[in-house]
Structures are given as C-alpha cells and as structure tokens.
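All remarks here apply to the structure that follows.
Remember, it's a predicted structure, so these values are computed and weren't measured experimentally.
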Number of protein chains: 2
Amino acid sequence: MAVTDEAIEKIKGMIVSGALRPGDRLPKESELAADLGLSRNSLREAVRALSLIRILDVRQGDGTYVTSLDPQLLLEALSFVVDFHRDDTVLEFLAVRRILEPAATAMAASRISEQQLDALANQLDKLGNAPSVEELVACDLEFHRGIVQSSGNSVLCSLLDGLSGPTTRARIWRGLTQEDAVSRTLHEHRAILAALRDRDAEAARSWATVHIASVEQWLRSTL
Amino acid sequence: MAVTDEAIEKIKGMIVSGALRPGDRLPKESELAADLGLSRNSLREAVRALSLIRILDVRQGDGTYVTSLDPQLLLEALSFVVDFHRDDTVLEFLAVRRILEPAATAMAASRISEQQLDALANQLDKLGNAPSVEELVACDLEFHRGIVQSSGNSVLCSLLDGLSGPTTRARIWRGLTQEDAVSRTLHEHRAILAALRDRDAEAARSWATVHIASVEQWLRSTL
DNA sequence: TGTGCCTGAGACGTCGGATGTCTCGCACGA
DNA sequence: TCGTGCGAGACATCCGACGTCTCAGGCACA
C-alpha cells in the first residue's frame, strides 16, 4: 500500500480508537510526518483527502484539527458525491427519497414545534402564486429540510439533504416547469403542513408520498 | 480559495460537464498541473482527495482515470465516513436502516429470482444452530445484502451497504450475544425468506421491520 | 511464424528543501 | 486598560530529483 494510504488509515485509526478526539489538534505537519515515517508532501496528500470529507479541518497559520464528526458534517460529503451522478440514476435517487421522506415527515408530525409550523407557513405564504423556478427550487428544499429536521434524527436529515442536493433538485425542476406542476406542488406542500399541524402522522406520510411520487411520475414521463 | 481546492472543483467540473467521461484518462500530472496553473504537488493533493472518494482511479506507472462513477462505487466512500461515528449515533443509523430495509425487502418480493431465493435458503441452512459471533455477523450482512440487491435499486443497495457497514454491525452484535437473540434472529431470517418466496411484499416488509426493530430494542436496552 | 523475454519510455510515488502567507500571542506604548 | 505592532509558528505552494511500476515494442528462440 502507498505510504499516503497508510497515513490515511493511521490517522483514521487514531480518531476511531479515541487517541484523537473531536476538536483535538494534530501535531504539526513536520512532526506528524516524522512520526508516521513519511515526507511532509505525502502526509499533506493524506490530510487533504481527509479534509475533503470533513474529517479534518485545516486552518492555515494555525494548525490542523479533528472536526466535530457530527453526522451532519460528515454526510455533507455525500452531496459532493451525488453531484457526479448522471441523469439516468436520478430516478434511483428519487426512489430512495420516496422511501425516506415520508417516513421522516411522519416522524416529524409528533415532534415538530408550533414555531416551526408557523415558520413553514410563513415561508409558503411568502412565495406567492407565480414563483420563478429558482425560487421554487429554493423553497422546496427549505420546506422539506425544515420538516426533516423536526424528525429528530440528524443522520436521516443529513442523508436526505445530501440526496436532494441542489444539483439533483435543480435538474429535476428544469424539466418540470409546466404551470400545472408548480401549482400542484404548492398545493401538496400546504396539505403536508396541514397534516403536521393536525399531528396526523399517517396523513403526513401519505401526502409526502403523493408529493414525491408525483414528481417522480412527471420526471419519468419526460425522460 | 486554496489552489488545491480550486483544482478539485475544476476536475469535478470537467467530469460533471462531460468533458471527462467515465473511463477517460486524465492528462499526465505535469501537464494537468500546468493546464490548471499549479504545481504538481498541489495537483496531487487534489487527485488524492478525489481518489479517496472513488472519483478518480490512479494507477502507478500507467495513468489517472475517471472511475465508472457507479452509484455503488461512489457510495462505497460512505462506509469510510460511517466508520468515524461514535456509539451514540449508532441508534440514529439504525433508525434510518429501519426505514430503508423494510422498503427494500418489500421491493425485492416481486423481483427476486428463484435462484436467489435458493441461494439465501442454502446460506441459512449452512449456518447451523450455534454459529460464532463472527459467522453470524457475516451471515446477517450477506443475507440482507442479497435481498436488497434484488430490489433493483443500486443506490438503495449501496446506501444500505454503507449504513450497515461491518464496523457498525460488529459493534451492534458485540452487545447481542445472548443465546435468545441469536436464535430469534435466525428465526426472523427464515420468516423473511418465506415471505419473499410467497411474493408477499407486505409480509416481507413487516418481518423486516420486526427484525430490525428487535435489534434496535435490544441495543437500546444495553446502552 | 508464433511465443516469450527483455528493455526502454512514460507515468505515478516519494522525498527534501525553500519561500510565501496567514494566525495567534505577547510586548510595548498611549 | 486598551490598542497596535512585531515575531514565532504553522500551513500553502512550488521546484527539482530520483525511485518504482506498467506497458508496449523489439528481439531472440523454438
């Protein structure tokens, strides 16, 4: 195995074993390189790779630190990966979302706060009846994110965030600009919100399923 | 932004835009570095980072290539990230799995082949009544992987594979060595298989839910 | 003519050092 | 006491050199 890959494994090992804890600072590059038995250049490749996936946080002039390792932070890397997928796999991602999002919405029904409900309502009101595609995409993302956050499961939240990344979402909406689709989407958002306000988990789940399935159906017909 | 990060973005851009397609070979390091306006060392940091998440495949003595970009390959990086999570988030991962796995199992009910069913049955028979913990973990992983693959959704498959990675699974089973848990797990596996053979999606979904929920419950009581 | 070995070119792997840039803490002066 | 300036420390970037590996093509042998 290459020395750089070894270094990646060793640093990973130090973190997983607990020798390095979240927030800890690593020895300076030259020292760490000497400890692990490689050159500073090669070590930097390892550190760079780990910082891309948010395991390490490198601050110029200061030092290198272990991140908080929050699921939210680590799964952020997921959206980077998702960006690489081609259009022909969008449907598969959407199918996964169709499984997760209704479940998350149902979970939120019993936990979401009144303030959060009001915030979601305000957000929908602000949008008006004839939003631009950009506004709609942003609103859609924000609406679902707000609900999923109330599910209380940060892994689920980050996962959905990654799967519904801006790129994927934008690609979908690019093909869905019919007036009919837009208004129906807004109507479904209101229905989901109403179900949440009623604390009706099953209704919330069903509306979320309908919502995503309709997007999926339109998308399938346009591909 | 650092030149290395710029390079990462530029290479990503070349792939996403289609200038570089799966399987394509990149210009040699020195040329690419010159094109992107940085040194070979810095470029190598970018390439290393992208190869860690399986976007690029570097072959010493040959060249650097774009990978197939299969969902399976890219989501493989997920398990690397999951390894970093501490015990207190295992329950959240398990909760996500409890959402995905029953859905995948239900999807498999209508698509799984007779050969696959026979293979799963053989696998369960081979295990016997008093397997070691290692055997049980391997069997459990293999059993569920086989079913999920039959769901026909490669994204779903890779995602579950990553979430149920060896590390997480091993950590779970370490705390579940009671005889009762083992035999009940085997019984549930057989029930899932029977439902699949009956092409009964709802029964398969329910057994899968029960199966994971029972693991979750035991785990929760031991933490 | 077909097969196998050998060799050389090309590409990545690794290294050491030099210099630039940034951050933080401390000392100094108002 | 507070704000500024300076210097040490750490990361950022680059350069050039050499090692190692892969692959393809030439050459010898059967």
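Remark: E92(B) engages S154(A) in a side-chain hydrogen bond (donor to acceptor under 3.5 Å, both in side chains) (not counting sequence neighbours). Residues passing the side chain to side chain contact (heavy atoms under 4.5 Å, CB included) test with S110(B): none are found, sequence neighbours excluded. Judged as a ring-ring contact (aromatic ring centres under 6.0 Å, His included), and not counting sequence neighbours, the contacts of F143(A) are H189(A). In terms of the side-chain hydrogen bond (donor to acceptor under 3.5 Å, both in side chains) criterion, S30(A) has no residue partners (sequence neighbours excluded). Listed by chain and residue number, nothing satisfies the side-chain hydrogen bond (donor to acceptor under 3.5 Å, both in side chains) test with R111(B) (two or more places apart in sequence, or in another chain). Evaluation of the side-chain hydrogen bond (donor to acceptor under 3.5 Å, both in side chains) rule for R98(B) yields E216(B) as partners, not counting sequence neighbours.
If you walk DNA chain C from 5' to 3' and mark each nucleotide with an atom closer than 4.0 Å to a heavy atom of chain B, the marks span dG10(C) to dG16(C).
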List every contact pair, protein side and nucleotides 16-18 of chain D side both N or O, where the distance is under 3.5 Å.
residue : atom : partner : partner atom : Å
dA17(D) : N6   : R40(B)  : NH1          : 3.4

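Against DNA chain D, the stretch residues 19-37 of chain A makes heavy-atom approaches under 4.0 Å through R25(A), K28(A), E29(A). Residues of residues 42-57 of chain B that place a heavy atom closer than 4.0 Å to DNA chain C, in numerical order, are R44(B), R48(B).
Considering only side-chain atoms of Q60(B), the nucleotide from dT22(D), dC21(D), dC14(D) that sits closest is dC21(D).
Side-chain atoms of S151(B) never come within 3.5 Å of backbone atoms of M107(B) as a donor-acceptor pair (strictly under, hydrogens ignored). Looking at N153(B), its side chain does come within 3.5 Å of a backbone N or O of V155(B) through a donor-acceptor pair.
Judged by closest nucleotide on DNA chain C, S39(A) is the one of S39(A) and G61(A) placed further toward the 5' end.
Residue pairs meeting the salt bridge (Lys or Arg N to Asp or Glu O under 4.0 Å) criterion with at least one partner in residues 41-53 of chain B, sequence neighbours excluded, are D5(A)-R48(B), R44(A)-E45(B), E45(A)-R44(B), E45(A)-R48(B), R48(A)-E45(B), E29(B)-R44(B).
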Pair up each side-chain donor or acceptor in residues 18-26 of chain A with any protein partner under 3.5 Å, not counting sequence neighbours, and list the distances.
residue : atom : partner : partner atom : Å
D24(A)  : OD2  : R21(A)  : N            : 2.9
R25(A)  : NH2  : D62(A)  : O            : 3.0

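The NZ atom of K126(A) sits 10.5 Å away from atom CG of L124(A), with the distance rounded to the nearest 0.5 Å. Between R97(A) atom CZ and S164(A) atom OG the span is 4.0 Å, to the nearest 0.5 Å.
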(request) Take R197(A) and D118(A) through the salt bridge (charged side-chain N to carboxylate O under 4.0 Å, His left out) test and state the conclusion after the steps. (result) CA-CA 9 Å; R197(A) 218 179 259 290; D118(A) 292 339; 3.3 Å; yes
